[in-house]
Trainee: 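Take a look at the following structure, please.
Each chain gets a letter, A, B and so on, in the order its sequence line appears, and its residues count up from 1.
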2 protein chains.
Amino acid sequence: MILIAEKLNGSIPSCAEAIKAKDEDYIKDLAKRQADSGVDFIDCCASVIENELETMEWMINAIQSVTDCPISIDSPDVQVLIDSMPLCNKPGMFNSVSGEGNKIDTAFPVLAKPENSKWHIMALLCDDTGIPKTAEKRIEVFETIMEKAAFYGIAENRIHVDPAVEMLCTTDDGEGAFMILDVMKHIKKASPKVHISGAISNISYNLPVRRLVNQAFAVLAINAGMDSAVLDPLNKDLRGVILAAEAMLGHDDFCAEYVSAYREGIFEK
Amino acid sequence: MILIAEKLNGSIPSCAEAIKAKDEDYIKDLAKRQADSGVDFIDCCASVIENELETMEWMINAIQSVTDCPISIDSPDVQVLIDSMPLCNKPGMFNSVSGEGNKIDTAFPVLAKPENSKWHIMALLCDDTGIPKTAEKRIEVFETIMEKAAFYGIAENRIHVDPAVEMLCTTDDGEGAFMILDVMKHIKKASPKVHISGAISNISYNLPVRRLVNQAFAVLAINAGMDSAVLDPLNKDLRGVILAAEAMLGHDDFCAEYVSAYREGIFEK
């Protein structure tokens, strides 16, 4: 499982306050703790209306002052992402492109350059209509993105697809999370080299005891092919459940990784 | 999900002590707390070598003095189970028959009687060789049991199949829990009216932080068709994860049951 740590995001109120107050210690502390928990990328999302690039630069520098964990630069503005790339000491995650506007045709030529070939790319399955309501429409967006990736010569294994996990509580008619899980299964089958990702905690929005909903969803998503996730890496129970699910799905012989993660304190009693 | 509360079992050391000391308060307290947590059956297993029927009677009476929750009478000796049936105030679970010896031909004629038609039956997929190693062999045992059920006129929806959940930690070669999940999926498809059950916590034997392994397994088992389970109903996180998984799998429109269970205190923050 490729882990993208989610806690440095200006859409989280406490983080927004820290950004506003230019509280570097807040950024450094969370960057360090998330990195120490053994993640693959630290997400960095300013979520500000003005001076986004300057804020990203300040956050990136703070993160890089305490860890060499790769950064997932996160913005709805692909030009901000393109301008943030050179600020990173090493290749990270370009988070994100989607089927909206000319995002792909702006980002992919840059990401296709040989010097950027180690950058991973998060591809969100939405388009100019927003988040499509049906699995079929999301898969159409996926196919368009993959055609563009092929056109620009971007390898499939650089792409992490976020099928746009939405809250469970508004689904009805026996729908549950089937649609999003079906999209994952389809992509896994159609393009086995593509990583399947998503923001796990989106599923539990507006429900009580979100941690349990997130845990159940993580297990079902892994079963459907998810091998990359945006999550709170400091939630030890979630980490343990993910490792247990991976062992059950045959990715961890004799549960060796589960047991060693326990010994390292990734999760606990 | 049909819940069978597992804590009154003489194979659990603290319960064995209580049975030995004839500590009726211990039995009553656990019976009451498990019943109050909203289960469908309270398992009652003496697990003693001598005087098993007398011990069962003592336990059944203690349970029935505090709750009218149906009892799952649990013994490897079907004659003890047959003799325990009239001790119960209402129909419960006959736990269990299996492909071993003449268990079925002893038990099914009794369970087929019209006055016993409301008893549920746990059918464990083992035979005279023990627990078969392959899915194919377990399915053979299942088919033999179902043929006998048809022969004796026992309705499929009375039968709960326990595919014999075993510990995950000894599996290798990418096997994980696939075999047991495959058996569940096969039975769900072949006999949709049969309940798929099992002892969830068996999966985590010998692993650290068993609660997280149990939670991950419960989600995968529900996804594979499990609709009945032997579990610790006082484990609130497990209860919440099960309810969340059921909502995701389309069994709980608008998460109404999940939310109301939370309000009732079945699980908590």
Trainee: Go through B/S204, B/A245, B/C169 and name the one with the most non-hydrogen pairs under 4.5 angstrom from chain A.
Mentor: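 Greatest number of close heavy-atom pairs with chain A: B/C169.
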
Trainee: Mind checking which of residues 257-269 of chain B sit less than 4.5 Å from chain A, heavy atom to heavy atom?
Mentor: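 B/Y258, B/V259, B/Y262, B/F267, B/E268, B/K269, listed by number.
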
Trainee: Who wins among B/V241, B/I242, B/L243, B/D252 for the most heavy-atom pairs under 4.5 Å with chain A?
Mentor: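 Ranked by contacts with chain A, first place is B/V241.
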
Trainee: Could you list all the side chain to side chain donor-acceptor pair (under 3.5 Å) pairs where at least one residue sits in residues 182-193 of chain A, not counting sequence neighbours?
Mentor: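 Of all non-adjacent pairs touching residues 182-193 of chain A, none passes side chain to side chain donor-acceptor pair (under 3.5 Å).
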
Trainee: Answer with side chain, backbone, both or neither: which region of A/I203 has an atom nearer than 4.5 Å to a non-hydrogen atom of chain B?
Mentor: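 Side chain only.
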
Trainee: Using a heavy-atom cutoff of under 4.5 Å, enumerate the residues of residues 205-227 of chain A that contact chain B, numbered in order, or state 'none'.
Mentor: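 Against chain B, the residues of residues 205-227 of chain A that fall inside the cut-off (heavy atoms, under 4.5 Å) are A/L207, A/P208, A/V209, A/R211, A/L212, A/V213, A/Q215, A/A216, A/F217, A/V219, A/L220, A/N223.
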
Trainee: Going by residue number, which parts of residues 121-143 of chain B are within reach of chain A, meaning a heavy-atom gap below 4.5 Å?
Mentor: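 Answer by number: none.
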
